[in-house]
S.K.: 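The following block contains the structure, expressed as structure tokens.
Just so it is clear: chains get the letters A, B, ... in the order the sequence lines come, proteins before strands, and each one is counted from 1.
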Protein chains: 2
Amino acid sequence: MTDTALEPPEDQATSAAHGDDKGPGSLHDELLGKLRDFIVEGNLADGARVPERALCELFNISRTPLREALKVLAAEGLIELLPNRGARIRALSPDDIRDLFDLMGGLEALAGRLACERITDEEIAEIEQIHHDMYRHYLRRDMHEYFRSNQAIHQKILAAARNPSLTATYANLSGRIRRVRYTANLARDRDRWGEAMREHEAVLDALRRRSGGELANILFAHLRNKRKAAQGQT
Amino acid sequence: MTDTALEPPEDQATSAAHGDDKGPGSLHDELLGKLRDFIVEGNLADGARVPERALCELFNISRTPLREALKVLAAEGLIELLPNRGARIRALSPDDIRDLFDLMGGLEALAGRLACERITDEEIAEIEQIHHDMYRHYLRRDMHEYFRSNQAIHQKILAAARNPSLTATYANLSGRIRRVRYTANLARDRDRWGEAMREHEAVLDALRRRSGGELANILFAHLRNKRKAAQGQT
DNA sequence: CACCCACTTTTTGCATTCATTTATTGGGAA
DNA sequence: TTCCCAATAAATGAATGCAAAAAGTGGGTG
């Protein structure tokens, strides 16, 4: 009972799975990541049964850890667990997708709002740099690179919000609709490419002025328009 | 191979645990709910180990379903799973709490924004009714009833947003900070009671005018002020 | 007396096994 | 032939058992 080794829990321990961080974790988490990728990448059809046994031998593990992973994925909303009928890939209805996009839009708006409070001049300069790159890609009609720059900007804003819980929640939703995004018709984006560029100008402007409320409005509307372009008009 | 019983998955199945709905579910979900309540209600101290064996005999189940439930709770962010050292109650730092409050504020802002698009006159009338009740409680200094009305209004706005994913995410975060809320000093609220009432007037006003952006700003600021009152000033 | 190392005990993680429920198939009756 | 029901087969949900890792303990040494 000396006082040398009397420390509180001494956590710097990485949380497991709710997404805050991607710590090394146990073997189990490795499986979880693999399985999540496997599903997100669309190897299973919407609404399809998740073949427990097949996955077991695919990953060379027994059912126990696999079932634990499935429970987690269900909690994340990627699959649904039917009482005594196993797991199914969660199929997203158009309404579900609309709701998820709105939710992501709300989170982006929040990120912008918080970023305005905390972002440094250097970070704004970085974003301006990416913005200019993006404009170059736009002029060259390089859709792929444009898209990458676009993502990078939103990611920078998210980072500037400095809110790990927000980042984790955003990542979770991203995962849920990634399946859709792969299949989504991005060509529609092309129609409003110029419009999107103008919206991004406005984003940068509001960010420079640190006008949180404005930026929130712009970012939410930005995602709204994106969704409308992708989804008929609903 | 007749065509009589050849239907697609035929889901109306309730998802398990990611919170969208509270379907009946299996026995497992019942355990999960009990365990979640057990933790949320604060029966275990912050950072304390979650005694696997003890909970097993408390709920009269074996370790397998318990561990599955723990995995889910970890995914929800209530506990953290340490690689080979078991589960611990997730302790929230002041920064974590600040971040969660901001996140909830962002979701409330979004709820307000969406509600402005979809709310009916009848629903607004209901909220006005509750608002007046709340004002009565305010005049009578009935903190408890005031608080209930307050909650009810925010809940109505959330419902008017008609976005199940948003509702589920909000519920999840609510659970995470409920532990804190219990211990939080609500007396501080009293100091800004009048201010909060005025903010609520503004909420109602923006809602009547269906001014989404404004309402978003007001609701976010509302939660910000609430947090500041509860948390020193950070 | 303090520190370190090996040993015991406990706990975790996973595999295996068992009971129950669900899906499937084959046969019989209308 | 078509429909329905019973018997079989398969899969799920949970309990137990086992190897490995961590925590706790005691003895020896500097």
S.K.: Within the supplied structure, the quantity of interest is the number of heavy atoms (other residues, nucleotides, ligands) at a distance under 6.0 Å from A:R162 CZ; does it exceed 12?
M.R.: yes

S.K.: Are the side chains of B:P51 and B:L44 in touch, meaning some heavy atoms are under 4.5 Å apart?
M.R.: yes

S.K.: Hey, does the side chain of A:T64 come within less than 4.0 Å of C:dC14's phosphate (OP1/OP2), counting only N and O?
M.R.: no

S.K.: Measure from the side-chain heavy atoms of B:N84 and tell me the nearest of D:dT16, C:dA23, D:dA22.
M.R.: D:dA22

S.K.: Could you tell me whether the phosphate oxygens of D:dA23, OP1 or OP2, come under 4.0 Å of any side-chain nitrogen or oxygen in B:R85?
M.R.: yes

S.K.: If you pin A:R63 and B:R63 to their nearest nucleotides in DNA chain D, which one's is more 5'?
M.R.: A:R63

S.K.: Just by protein heavy atoms under 4.0 Å, how would nucleotides 5-11 of chain D read 5' to 3' in B, S and -?
M.R.: ------S

S.K.: Go through the structure and list residues passing side-chain hydrogen bond (donor to acceptor under 3.5 Å, both in side chains) with A:D96, not counting sequence neighbours.
M.R.: A:S93

S.K.: Can you tell me which nucleotide in C:dC14, C:dA23, D:dG13 comes closest to the side chain of A:P65?
M.R.: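 Comparing C:dC14, C:dA23, D:dG13 against the side chain of A:P65, the answer is C:dC14.
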
S.K.: Starting from P on C:dA15, measure out to CZ on A:F59 and report it in whole angstrom.
M.R.: 14 Å

S.K.: Could you state the atom-to-atom distance from CG of B:L81 to P of C:dC14 in whole Å?
M.R.: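 The answer, rounded to whole Å, is 11 Å.
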
S.K.: Of the candidate nucleotides C:dG13, D:dA14, D:dA23, which contains the atom at the shortest distance from the side chain of B:E68?
M.R.: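 It is D:dA14.
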
S.K.: Taking all non-hydrogen atoms of both residues into account, name the closest pair between A:L81 and A:A74 and its distance.
M.R.: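 Closest approach of A:L81 to A:A74, heavy atoms only: CD2-CB, 3.8 Å.
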
S.K.: Could you give the CZ-to-P distance, from A:R67 to D:dT12, as a whole number of Å?
M.R.: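 The distance from CZ of A:R67 to P of D:dT12 comes to 8 Å, rounded to the nearest Å.
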
S.K.: Please give me the minimum heavy-atom distance between A:R113 and A:A216, naming the atom from each residue.
M.R.: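 So the two residues come closest at NH2-CB, 3.8 Å.
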
S.K.: Grab the CG-C1' distance between A:N60 and C:dC14 for me, whole Å please.
M.R.: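 Taking CG of A:N60 and C1' of C:dC14, I get 14 Å after rounding.
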
S.K.: Separation of B:R88 atom CZ from C:dT11 atom C1', in whole Å?
M.R.: 13 Å

S.K.: What integer distance in Å separates A:I61:CD1 from C:dG13:C1'?
M.R.: 12 Å

S.K.: When the ring planes of A:F38 and A:F59 are compared, do they come out parallel, tilted or perpendicular, using 30° and 60° as the limits?
M.R.: perpendicular

S.K.: A:R224: what forms a side-chain hydrogen bond (donor to acceptor under 3.5 Å, both in side chains) with it, not counting sequence neighbours?
M.R.: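 Testing A:R224 for side-chain hydrogen bond (donor to acceptor under 3.5 Å, both in side chains), a comparison that skips the adjacent residues, returns A:D102, B:E117.
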
S.K.: In whole angstrom, what separates B:I79's CD1 from C:dT12's C1'?
M.R.: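 Distance, rounded to whole Å: 14 Å.
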
S.K.: Mind calculating the distance between CG (A:L66) and P (D:dG13) to the nearest angstrom?
M.R.: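 My rounded result for the distance is 12 Å.
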
